[in-house]
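Heavy-atom basis, side chains included; hydrogens, waters and symmetry copies ignored. Numbers restart at 1 for each chain; the letters A, B, ... are given by sequence-line order, proteins then strands.
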There are 2 protein chains.
Amino acid sequence: MPAHYSLSETEEAVKRRLGPIPVRREALAAVSNLYRAAAAVRQHLENSALRSADLTWSAFVVLWVVWIWEEIETRHAAAEAGISKGTLTGIIKTLESRGLAVRRQHPDDGRLALLRLTPEGLALMEKLFPAFNDEESFVVGALDDEESLHLADTLRRIITHLEEHGEERRENLRRESPAPPRRGGRRRSS
Amino acid sequence: MPAHYSLSETEEAVKRRLGPIPVRREALAAVSNLYRAAAAVRQHLENSALRSADLTWSAFVVLWVVWIWEEIETRHAAAEAGISKGTLTGIIKTLESRGLAVRRQHPDDGRLALLRLTPEGLALMEKLFPAFNDEESFVVGALDDEESLHLADTLRRIITHLEEHGEERRENLRRESPAPPRRGGRRRSS
DNA sequence: AGCAGGTCGTACGCATACAAACGATCTAGC
DNA sequence: GCTAGATCGTTTGTATGCGTACGACCTGCT
C-alpha cells in the first residue's frame, strides 16, 4: 500500500504545519521509516511465503521458535516471539486446532506448560522455512550482504538500547506526570 | 520484553536445527531485527509519550496524518497511515467518540468522506507531538545523527523496493502455486 | 501443617488489522 | 435518461495484541 502523497510533498506539508515547532528530523525519519518498513516486510511475507500455508506472521514466528528449541516453555516462547503471554495463548489455540502444535504439562512444575510441534508441524516448517527465507532475501534485495548485516547490527543496537534503558526512561516520565492506565483489561468482577 | 535465550544460544540452536538446510543469514538477521526493533519502538512510544494521551500507535499516526494535511480524504489518510480502509473506519470511530476528529461528506463526490481535527484534536497534537518526538530521539539514542539518517535511508530503500517490485514478485509466486485466500473476510451470504 | 507471597497460564475487554462483501454513488457509453 | 462497471466507505468475520484479573500451583517461612 504505497503512500498517496510523494515524499517531497509530505516534507513540504510537514514544514508548513510544524512551523516554529522544533523537530529532530533524523529521529522522526528513522522511526517513521522503521515502522513503515517493518509493516511492508510483514505484509509481503504474509502474502507470499506464508500465504500458501495460510499462516499469519505471529503464528509463523511462534512455530519457528518452537521448531528451533524442539520443546519450550510457553513463557519463554512468548519472550522469544516478542509477544505477550496472553497473546500467545490465542495463537497456540489456533495452531492446536490446525494440528501443528501441541501443549503438555510440565512434569515437575504444575504451573508450566510445554510446547512442541506435531509431525505435521515439523513437516510444514521443513518445507516452509526455505520459501520464507527466500522471501526474506527478496525483501533486502535492494541491499548487498554487507549492507544487510550493517542494518541488522544498527537495529540490534536500538533493540538493546530499549531493553537496557527503556523501562528506566518510562519510569522517569511517569514520575513527572502520572499516566492513566491503558484501556482494556479484564474488569473487576463486582 | 527481552528474549529469554541469549543471541549465541539461539545461534547454536538454529545451527543444530537447520543442519543441512541452506540459509541466507544476512537476510534472516536483517528481517528478524527489523521486526523486533519496530515492535520495541512502538511499545516504547505507546508506553511513554502516547500513554498520557491514552492513544494507541495507530490512532496517533492517523491524527498525525490528518494534522499535517489539515483536511484529507479518508482513502488517502489510510494510505498515508499505512493501514487498510476497513481499519481506518474503526479508528475514526474511536477518535470521533473522543472528540478529536470529525468526518464530513465531500461536497462534490458523495462517495468520499473528509477528515479533520477538532480544536481539541489540534490542541492535543500541538502539545503531544513535541513529547512524541523527544521519545523518538530517545529511541535512536544509541545512534548519532549521521547513523540515524543512514538507517532511515536504508529502510527507505527497502520500502521503495517492496512498493516497486513486491506485487510483481507475489504474482509470480501465485502463478507457480495458487494460494488459498487469506482467512477472515466477510463470507458469501448464501 | 499451614499460609503468605510469588509466578504461571488462561479468561476477558477493548482496540486494531485485514480481506471480502456490501450498498451508495459516480462515470462512461449509449 | 438509462444502465453496466468502477470506486468509495462501511460492515462483517477471523485473528491478533496488550493489560488486567484470576485461579491454580509452587516456594519459603514458620
Among the candidates [options], find the nucleotide nearest to the side-chain atoms of [X].
X: B:K93; options: C:dA20, D:dT11, D:dA15; answer: D:dT11
X: B:I91; options: D:dT11, C:dT16, C:dA20; answer: C:dT16
X: B:Q43; options: D:dA15, C:dT10, D:dC18; answer: D:dC18
X: B:T89; options: D:dT11, C:dT16, D:dT20; answer: D:dT11

What integer distance in Å separates [X]:[atom1] from [N]:[atom2]?
X: B:W57; N: D:dG19; atom1: CH2; atom2: C1'; value: 19 Å
X: A:Q105; N: C:dC8; atom1: CD; atom2: P; value: 15 Å
X: B:I72; N: D:dG9; atom1: CD1; atom2: P; value: 11 Å
X: A:R75; N: D:dC18; atom1: CZ; atom2: P; value: 19 Å
X: A:R103; N: C:dT10; atom1: CZ; atom2: C1'; value: 9 Å
X: B:H44; N: D:dC18; atom1: NE2; atom2: P; value: 17 Å
X: B:R174; N: C:dA19; atom1: CZ; atom2: C1'; value: 13 Å
X: A:L88; N: C:dA11; atom1: CG; atom2: P; value: 13 Å

Self-check item: side-chain hydrogen bond (donor to acceptor under 3.5 Å, both in side chains) contacts in which one or both residues fall within residues 14-32 of chain B, not counting sequence neighbours
Solution: A:S137-B:R24
Exercise. Using the closest heavy atom to pick a nucleotide of DNA chain D for each, name whichever of A:K85 or A:G90 lands nearer the 5' end.
Key: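 Its nearest nucleotide lies further toward 5', so the answer is A:G90.
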Self-check item: Upstream residue (5' side of DNA chain D) when A:T94 and B:T87 are each assigned their closest nucleotide
Solution: B:T87
Exercise. Specify the residue among B:A59 and A:T74 whose closest nucleotide of DNA chain C lies further upstream toward the 5′ end.
Key: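 Its nearest nucleotide lies further toward 5', so the answer is A:T74.
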Quiz item: If you find the nucleotide of DNA chain C closest to B:L95 and the one closest to B:G86, which residue's nucleotide is nearer the 5' end?
Solution: B:L95
Self-check item: Qualifying salt bridge (Lys or Arg N to Asp or Glu O under 4.0 Å) pairs with a residue from residues 54-74 of chain B, counting only residues at least two apart or across chains
Solution: A:R183-B:D54, B:E71-B:R104, B:E71-B:R116, B:E73-B:R75
Exercise. Using the salt bridge (Lys or Arg N to Asp or Glu O under 4.0 Å) rule, collect all pairs that involve residues 80-102 of chain A, keeping only residues at least two apart or in two chains.
Key: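 Counting only pairs at least two positions apart or across chains, the salt bridge (Lys or Arg N to Asp or Glu O under 4.0 Å) contacts touching residues 80-102 of chain A are A:E96-A:R103.
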Quiz item: Can you find a side chain N or O atom of A:T56 that sits less than 4.0 Å from OP1 or OP2 on D:dA15?
Solution: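 No, A:T56 has no side-chain N/O under 4.0 Å of OP1/OP2 on D:dA15.
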Quiz item: In chain order, what residues pass the side-chain contact (heavy atoms from CB on, under 4.5 Å) check against B:Y35, with sequence neighbours excluded?
Solution: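 Only A:A38, A:R42, A:W57 meet the side-chain contact (heavy atoms from CB on, under 4.5 Å) criterion with B:Y35.
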Quiz item: Which residues pass the side-chain contact (heavy atoms from CB on, under 4.5 Å) test with A:N47, sequence neighbours left out?
Solution: A:Q43, A:R51, B:R170
Quiz item: Hey, mind stepping through B:S97 and B:T94 against side-chain hydrogen bond (donor to acceptor under 3.5 Å, both in side chains) and telling me if it holds?
Solution: CA-CA 5 Å; B:S97 74; B:T94 302; 5.5 Å; no
Quiz item: Which residues in residues 106-115 of chain B have at least one heavy atom lying under 4.0 Å from any atom of DNA chain D?
Solution: B:R111, B:L112, B:A113
Practice problem: Could you state whether B:L149 and B:I159 fall into the same hydrophobic cluster, counting links through intermediate Ile, Leu, Val, Met, Phe, Trp or Tyr residues with side-chain heavy atoms under 4.5 angstrom apart? | Solution: no
Quiz item: Within the structure shown, what part of the strands sits under 4.0 Å from A:N47 by heavy-atom distance: base, sugar-phosphate, or nothing?
Solution: sugar-phosphate
